[in-house]
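Taking it in order: structure first as structure tokens, then the write-up.
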Amino acid sequence: MIVPIEHYLILSALLFAIGAGGVIISRNLIIIFMSIELMLNAANLSIIAFSLMHNLMDGHVLVFIVMTVAAAEAAVGLAIIIMVYRKRDTINADKFNLMKR
Amino acid sequence: MEDRILTLVTFFPLIGAVLLLFVPKERDDSVKSIALIIAFITFLFSLMMYSMFDPVANGMQFEVNIPWISTFGISYHLGIDGISLLLIMLTTILSVIIMISSWNSIKTGVKGYFISMLMLETGMLGVFVSLDLFLFYVFWEAMLIPMYFIIGVWGGPRKIYAAIKFVLFTMFGSLLMLVALLYLMFMYHSFAGEYSFSILDLYKMPIPLGAQTYIFLAFALTFAIKVPIWPFHTWLPDAHVEAPTAGSVILAGVLLKMGTYGFVRICLPMFPEATLQFVPLISILALIGIIYGALVAMVQRDIKSLVAYSSVSHLGFVMLGMMALNVQGLEGSVLQMINHGISTGALFLIVGMLYERRHTRMIADFGGLAKSMPVFSTFFMIASLSSIGLPLTNGFVGEFLILLGVYKANPVYAIIGATGVILAACYMLWMLQRVIFGKITKPENEKLKDLDLREKIILIPLVILIFWIGIYPKPFLERIEPAVKNIVSIVNSSRTASEAGMSKGYKCVGDRCDTHTFTTGGK
Amino acid sequence: MDIKSAAIFFDILYPEIFLLAVGMFILVVGNVFKNRTLLAYLSLAGLVGALVLTFQQWNAPQSGFYGMVQIDNFSIFFNVIFLSAGIIATLMARDYLRAHGIERFEFYPLILFATVGMMIMASSADLIVIFLGLEIMSIPLYVMAGFFRNDPNSNESSVKYFIMGAFATAFLLYGIALIYGAAGTTDLRRIMTDLGYLVSHSGLFLYSGALLVLIGFGFKVAAVPFHMWVPDVYQGAPTPVTAYFSVAPKAAGFAAILRIFIYGLGGLNELSVIFWILAILTMSVGNLMAIFQTNIKRMLAYSSIAHAGYIMVALSVGGDGAVSASAFYLLAYTFFNLGGFAIVTLINSRSGSTAAIDEMKGMSVRHPFLAALLALFMFALAGFPPTAGFFGKFYLFSEAVKAGYIWLTVIAVMNSFVSVYYYLRVVVVAYFGKADEEFAPVSFKPAIWLVLVITAAGTLILGLLPQFGLQLAQMCMFSFK
Amino acid sequence: MEYSLYLIPLFPLVGFLINGLFIGKLNKKFVSFIACGAVGLSFFYSAHLFFELLSLPAEARAIEEILFVWIPSGQFNVNIGFLLDPLSIIMVMVVTGVSFLIHIYSIGYMHDDPGFSRYFTYLNLFVFSMLILVLANNYLLMFVGWEGVGLCSYLLIGFWFEKKSASDAGKKAFIVNRIGDFGFLLGLFIIFWQVGSLDFATVFEKAPAMFAVGGTLITAATLLLFLGATGKSAQIPLFVWLPDAMEGPTPVSALIHAATMVTAGVYMIARSNVLYMMAPTTLAVVAIVGMATAFFAGTIALAQNDIKRVLAYSTVSQLGYMFVACGVAAFGAGIFHLMTHSFFKALLFLGSGSVIHAMAGQQDMRYMGGLKKHLPATYWTFMVGTLAIAGIPLFSGFFSKDEILWKAFSSQYGSTWLWVFGVAAAAMTAFYMFRLVYLTFYGEGRMDSHAKEHLHESPKVMTIPLMLLAVLSIVGGYVGIPHVLGGINYFENFLEPVLHAGQNLPVATHVLTSGSYSTGTELLLMASSVILVLLSIILAWYLYRKNTDLSGKLRTSMSGLHKLLLGKYFVDELYGAVIIRPIVNGSLFLWKIVDVFLIDGLINGLAVVIGDISTGLRTVQTGRLRTYATIFLAGVVVLLLFVLLR
Amino acid sequence: MLLDTVIFYICAIFAVGGAVMMILQRNPVASVMFMIVSLIAQAVLYVQLSALFVGALLIIVYAGAILVLFLFVIMLLNLRGERFEEERPKLGLTTKYGLAIIFFFEIVIIIKQTVFTGSISQSPITVASDFGNVKPVAELLFTKYLFPFELTSILLLVAIVGAVLMAKKENNDKGEQI
């Protein structure tokens with residue numbers, strides 16, 4: 001264990017920021033969703049790093065649970081995307097602006 | 001009976017309103033009759049209360065004090081002194097009168113209208129009987145709602161604007177009052193170690209001048225908007241003009257008095273030092289109101305808004321007299337509250353009768369009514385003269401006492417204020433001249449029916465009161481006097497105390513006040 | 001570690017388990033029974049049963065599963081709110097769904113599951129469990145928002161809610177990661193105990209983690225600037241669902257916030273500034289945006305944002321008072337807000353309705369009683385006495401004043417002043433329109449009557465005789481400190 | 001002994017109530033019977049009281065009766081109470097007496113008017129108010145009467161309310177009076193807060209101790225009261241209402257605007273003589289204002305064509321005389337002139353009323369002439385009045401006017417200038433009165449033929465009061481024949497207990513010691529004024545009888561002056577331009593600009609600003625997910641920044 | 001020692017590069033592929049952090065299941081063809097990138113400033129040999145974390161119900177359009 005934990009944390013922050021950037025930049029619902037998944041993963045990476053740092057495996061359980069959550073979200077999220085695509089024939093996030101102001 | 005009479009008087013109209021809910025809405029006449037009977041019985045109850053009232057006793061009477069929200073020391077605390085007594089009487093009398101006056105003028109939503117009116121009556125009475133600040137606030141706010149509907153549903157063409165303006169103006173102040181109320185609550189807690197909203201308890205609390213100033217301002221702003229003191233008055237003409245006749249009567253007759261009542265009941269005795277600080281400001285605003293209201297009233301084209309602006313002027317007198325902080329000024333001020341209710345109420349009723357006949361209130365549409373409607377014109381004349389303050393009418397006694405008291409406090413104010421007496425004559429007489437005198441120029445005015453019996457019944461009690469108070473005001477004045485003396489003594493003791501470097505009768509070192517020598521009892 | 005640890009008590013989870021069981025039962029029999037009404041009653045029975053079970057736990061704090069489940073008065077008070085909201089929403093939903101031809105049996109289990117999620121959120125002292133509770137709550141909500149599958153607005157609502165929700169979840173998770181990093185645990189009790197040490201050693205992690213967690217829940221309670229989804233989602237979702245959204249998840253979010261920030265991280269005084277800022281932003285933006293809305297659902301959405309702001313006023317003060325004041329307010333808010341939504345549901349059940357405010361025109365003539373109730377709820381929302389809205393605000397603001405946050409209170413009060421304008425506008429439309437304006441009749445069903453009666457009674461009773469509710473709210477404390 | 005003073009005002013009050021409540025339901029006979037009977041009863045009862053009073057020793061002639069407490073407020077206590085003393089009994093007698101005659105006269109004069117019963121109702125109310133005014137035992141009750149008569153004046157001037165000019169005039173009268181009342185009220189405040197009471201007895205007893213002689217307070221108080229008097233008694237600068245008041249029925253002009261109400265100011269000052277004696281500055285002001293008014297109004301009267309306006313300005317002028325008397329501390333002389341004036345001026349007005357009655361409403365003298373033969377009774381009685389007002393010896397006016405002129409000259413407070421102007425005014429009075437007589441009764445009739453046929457003497461019910469008043473105009477002066485002419489001046493002696501209270505003040509004793517002038521001087525002055533008066537009568541005769549062309553020429557050659565006089569110095573126009581228009585325009589400004597534009601604008605502006613913010617915020621709500629997420633992230637960034645910068 | 005560092009940087013570059021490429025792709029299929037690249041790189045880092053079990057899970061569950069699900073959906077809906085016409089975004093791209101970058105630096109500052117980082121990153125941590133293995137993690141999962149574990153099952157149930165409800169093609173959906 002030579003690489004400082006700090007590095008992992010910064011890497012995780014970078015991934016999180018990229019994910020966040022992806023959400024706000026992308027127009028494609030699928031890519032937006034994947035960016036969110038990336039953010040979850042980035043958070044996971046931090047948790048793993050912290051686990052090692054604290055020498056506690058609670059973090060691993062946490063990550064396990066997060067993955068389940070991610071899976072559940074993915075299932076529902078993709079179902080929703082399918083539904084809206086059927087209705088609107090697009091997954092361009094910008095098109096979904098019937099309601100505003 | 002002693003301890004229930006106030007509850008009875010206050011909530012009887014509400015019971016009536018609930019009762020009305022179960023009357024089928026198609027049966028307009030039963031709705032009207034029931035509402036009238038309820039209002040009348042309330043009036044009888046209030047008469048009973050009047051007869052039970054001990055005119056010479058000092059302090060609150062018929063007190064009731066039942067814990068309500070004990071967590072915050074909030075209780076159902078009622079009680080009246082002479083000031084509230086008269087305002088209650090005014091409210092119950094006017095309520096009966098407006099029930100009759102609305103008999104024919106309200107054609108749609110009759111049931112809702114009378115329910116609102118009865119709820120409004122409870123709200124108004126509640127404000128006058130509350131000795132718990134929280135309860136006071138609740139009634140104060142709750143009363144807005146029926147009034148809002150009365151203006152907004154049964155009002156004139158710009159009713160929505162007027163109704164919303166009315167609520168927003170009033171609400172603006174009262175929300176600040178809420179903050180002050182909360183502040184006061186915690187202040188009392190740190191003073192007495194327990195919560196209490198009882199006005200009587202709060203009288204006893206010493207408040208450092210700095211905090212007092214802010215709390216006073218919050219309360220005063222609320223009341224000032226309600227009164228309304230210039231420059232917070234612009235809601236009034238709109239509300240008056242757009243409200244139905246009965247709404248205007250209640251608005252002018254009672255609602256405006258809540259502001260002045262608030263000053264008398266809360267601001268003066270609770271924050272005497274802050275009051276003393278603000279006497280010049282409020283007096284000057286009141287003076288501006290007197291003259292400004294009169295001048296603007298003079299050039300109005302609509303009779304109702306003329307009367308509305310005249311209210312601004314008259315309420316200026318009330319405030320001016322109050323700020324004299326002596327017995328005459330305050331007593332005149334309280335009496336003038338009643339007087340204004342009677343004479344302006346009568347004027348609004350009269351304008352309403354005119355409106356029912358011609359569906360216009362523009363001065364230019366009238367002229368020469370004295371010929372076609374002599375009885376009407378006589379009543380109009382009497383009400384106007386009372387509004388002008390002619391001796392032997394009620395207006396004179398009030399205005400005279402006010403100016404007398406103000407002269408003692410500050411001659412310059414009295415001199416400026418007295419010009420209002422001249423101006424009142426100007427706008428009222430000019431209006432009378434254009435409305436009831438002169439030739440009949442409009443053919444529509446030739447065949448106007450004179451007052452019928454119902455309308456006479458509405459106006460006669462008011463005319464009797466106009467002369468009664470004008471000729472023999474003693475019964476009224478003697479009931480007001482103990483209460484007024486009480487307030488004056490509180491203010492004066494704080495005046496002498498503050499001159500001696502103390503605060504409200506306490507010796508205060510820094511923020512800590514340790515000697516408790518204050519008493520509410522008057523001399 | 002002993003698997004048969006005495007820490008595992010399923011009996012303290014009876015209400016949740018009961019709800020789950022009913023939910024699953026409905027799922028199982030849903031495809032068989034075509035009688036949806038029966039299913040609705042079944043789910044109602046489940047909610048009521050859970051309510052009864054929950055009541056039995058009052059004043060008997062218990063904990064289990066290694067402290068991950070905390071049953072205390074706090075959680076029970078909130079559970080009651082969730083269950084009541086669930087009951088009312090179910091009652092509203094049946095007729096609405098039928099009227100729009102979307103009466104699918106999955107709806108009821110979803111409400112039940114979401115409620116379970118909320119209950120878990122309120123009764124846990126562990127960030128992981130709270131996080132899971134949040135997810136269990138959120139996923140049914142995403143689906144319910146899109147329940148009107150043929151309606152593009154509903155679709156959009158679902159997508160927006162889902163994407164923003166997931167986005168917020170990511171921040172929440174990152175916040176939990178940072179807190180975990182700082183504390184080495186997600187157990188709030190331990191964090192609370194070691195707070196002094198943690199602050200001095202890894203304070204910044206703790207703060208930033210707490211902030212991100214706050215943002216995650218701030219999203220659920222619609223704190224500005226994390227509120228952007230609210231109007232769109234509320235407008236698009238089926239009306240009973242919107243009603244449910246406006247109350248239950250918000251209450252759950254606040255329950256979590258209270259548990260985490262008043263209880264666990266209560267020692268982080270600096271957070272108060274954050275709450276202060278959020279409170280002002282939330283109130284002001286919510287109220288300002290609501291002014292010109294023409295759709296009543298959207299207007300109520302902004303209004304719900306503003307109400308979250310009022311609650312945050314108390315949160316910025318912190319302490320026990322804040323807990324009971326917010327709890328009381330949320331309870332009161334449940335009644336009058338759901339009452340308002342019940343009427344909107346009625347309006348919205350008519351075919352062709354888009355829930356525009358103008359659709360209320362002439363209501364007072366056709367349905368005077370309904371109009372009176374509408375006025376009651378609007379006045380309660382605006383905070384007029386003697387409604388629950390007033391006393392709730394009184395209590396909230398009193399906390400702020402008590403702590404000397406006078407200016408914050410003044411701003412809050414000015415905000416409720418602004419709010420008066422738009423609430424009154426609804427009343428204006430319902431009452432002040434010309435008498436000849438035709439109001440298409442609405443069809444009253446017993447369920448909606450029941451809802452109206454319950455909510456109106458709650459609004460008035462909590463306003464006129466708040467003493468009992470107040471005492472309950474003051475007993476609504478965390479089990480240990 | 002019980003005097004039941006309240007009965008005096010009660011009778012007319014009852015008359016008012018009966019006629020007023022049943023207005024339009026009673027027949028004319030009954031109405032007139034009630035109205036006249038009420039006033040008659042008052043008159044006879046007060047006559048009875050007069051003799052009761054005479055039977056008392058002089059120093060006991062002050063009877064005070066209190067009915068009930070009116071306004072009690074702290075240390076302020078005012079009663080409804082009456083005071084009968086020599087001063088008030090004289091006023092009561094004059095008021096009831098003249099009123100009684102005029103009531104009777106009115107039966108004839110108003111016979112065909114549709115507002116007959118309304119007229120008598122108002123008239124009774126007026127008598128009631130006037131009696132309250134003169135009988136009050138305190139300033140506030142006096143003020144009640146004071147305003148009450150103002151109200152009646154308003155109602156009666158505007159009696160023919162359909163005429164715009166009439167209701168205008170009524171309004172003007174009321175408002176101008178109100179300006180005076182404003183001063184009156186403030187005066188009362190000073191008195192009350194200094195003395196602690198408003199009762200006459202207490203005030204006059206305590207005032208010397210409470211006020212410094214000549215001090216600011218007493219000067220201010222008396223000046224303010226005098227402001228009230230100028231309003232009521234039509235003195236400069238508030239005289240403008242009186243000429244317009246002639247829009248009312250002529251008997252009203254006679255009663256209210258000549259005989260009784262307008263003299264209230266004089267009465268009030270005489271009543272307050274104690275206070276005025278303590279304020280020499282005020283006395284000087286009163287004298288100067290009075291003289292200026294007398295002179296000024298006289299000049300206006302020279303050029304008027306309306307018969308009633310001439311009389312109106314003459315009233316203003318004569319009232320000026322009374323104030324001069326008060327101003328030189330000769331209160332008795334003032335009251336004396338008040339009494340005689342009320343006789344002859346009532347006579348003149350009623351006479352002019354008879355003329356107008358005969359001329360079917362025509363009031364312009366340019367269309368009259370030669371009425372002497374048509375209206376003999378009117379002519380003769382009118383002539384008596386004219387001689388009395390002109391100050392021809394042996395007529396009442398001579399005695400009273402001469403006493404004023406003498407006091408103006410001789411009193412400590414008087415001066416030669418006052419006398420000079422006084423005599424000039426007297427000469428003018430004689431001139432315009434004879435001008436009036438010549439234009440009206442002499443020469444050729446200038447009316448059209450229709451009107452000529454209509455001419456007739458008035459009925460008995462009108463002429464008999466004229467005759468009675470004519471008698472009074474002659475003999476009324478004999479109660480006050482000055483010592484210099486061998487009289488004993490009963491009048492002054494009778495009033496002495498009241499009026500000399502002030503002069504008995506230690507501070508004011510020197511006033512009485514004015515007898516440093518010889519009787520010769522007095523006689524000389526008297527003679528010179530009589531000669532001047534006679535000369536001006538001759539001038540009038542020359543201009544309007546002998547050489548009528550000359551008056552026309554004179555008019556054209558001095559057209560500027562004539563226009564100025566005819567236009568009453570354009571005071572009304574001046575007031576209109578300087579006071580009324582600015583106030584009206586200012587009020588419009590306040591309403592339209594301050595109220596609607598500024599205050600409401602400010603509030604609406606605030607609402608607009610809030611609305612704009614709202615609209616601005618709403619543009620952010622684009623409905624796009626990306627925007628939402630961006631703002632979310634921005635929020636996170638900003639809040640994290642807070643944490644970092646903590 | 002050096003190897004660790006090299007592996008870290010290589011993985012880091014892959015993880016970040018994959019992530020960046022993922023969000024910049026127009027084609028969702030390529031996006032998924034880059035995401036998988038990033039995830040695998042992260043899995044290596046997990047292993048490097050002694051988290052064998054979750055590292056394996058990441059590959060199996062995330063890359064293997066979740067992302068394949070994405071891929072399925074993309075294929076199912078045939079989304080590859082969709083062109084997104086350029087709309088001028090309200091907020092400029094720079095702002096958005098800027099926000100993300102600021103956010104990153106904020107977190108970096110937070111990490112850097114936190115007191116304890118300096119102290120632990122220098123000294124190597126000695127951990128138990130089975131740290132992060134299946135058994136100890138499983139022990140935790142079924143004892144201390146039993147309750148969350150149970151909850152995940154509810155979550156999955158809910159997700160299934162929701163997904164079915166949403167994605168199910170239902171012909172008898174007779175709901176009216178608003």
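As the structure is a computational prediction, the values presented were derived from the model and not from experiment. Throughout, protein chains are lettered first and strands after them, A, B, ... in sequence-line order, and every chain is numbered starting at 1.
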For the backbone of [Y] and the side chain of [X], can you confirm whether one donor and one acceptor N or O come within less than 3.5 Å of each other?
X	Y	answer
B:Y407	D:L188	no
D:W193	B:L404	yes
D:W70	B:I471	yes
D:E162	B:G368	no

Given that the side chain runs from C-beta out, which part of [X] has a heavy atom under 4.5 Å from chain D: side chain, backbone, both or neither?
X	answer
B:F169	side chain
B:F172	neither
B:I440	neither
B:T378	neither
B:W430	both
B:E331	side chain

Most heavy-atom pairs under 4.5 angstrom with chain D, which of [options]?
options	result
B:I388, B:I436, B:I480	B:I388
B:M381, B:H233, B:M298	B:H233
B:P391, B:P237, B:G367	B:P391
B:F232, B:F476, B:F437	B:F437

Does any backbone or side-chain atom of [X] lie under 4.5 Å from a heavy atom of chain B? Answer side chain, backbone, both or neither.
X	value
D:L224	neither
D:N604	side chain
D:I179	both
D:F589	neither
D:I190	both
D:I71	both
D:V594	both

Least distance between heavy atoms, D:V69 atom then B:Y472 atom:
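Result for this residue pair: O-CE1, 3.7 Å.
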
Output field: ring centroids D:F192/B:F400 closer than 6.0 Å
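When the ring centroids of D:F192 and B:F400 are compared, they turn out to be at least 6.0 Å apart.
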
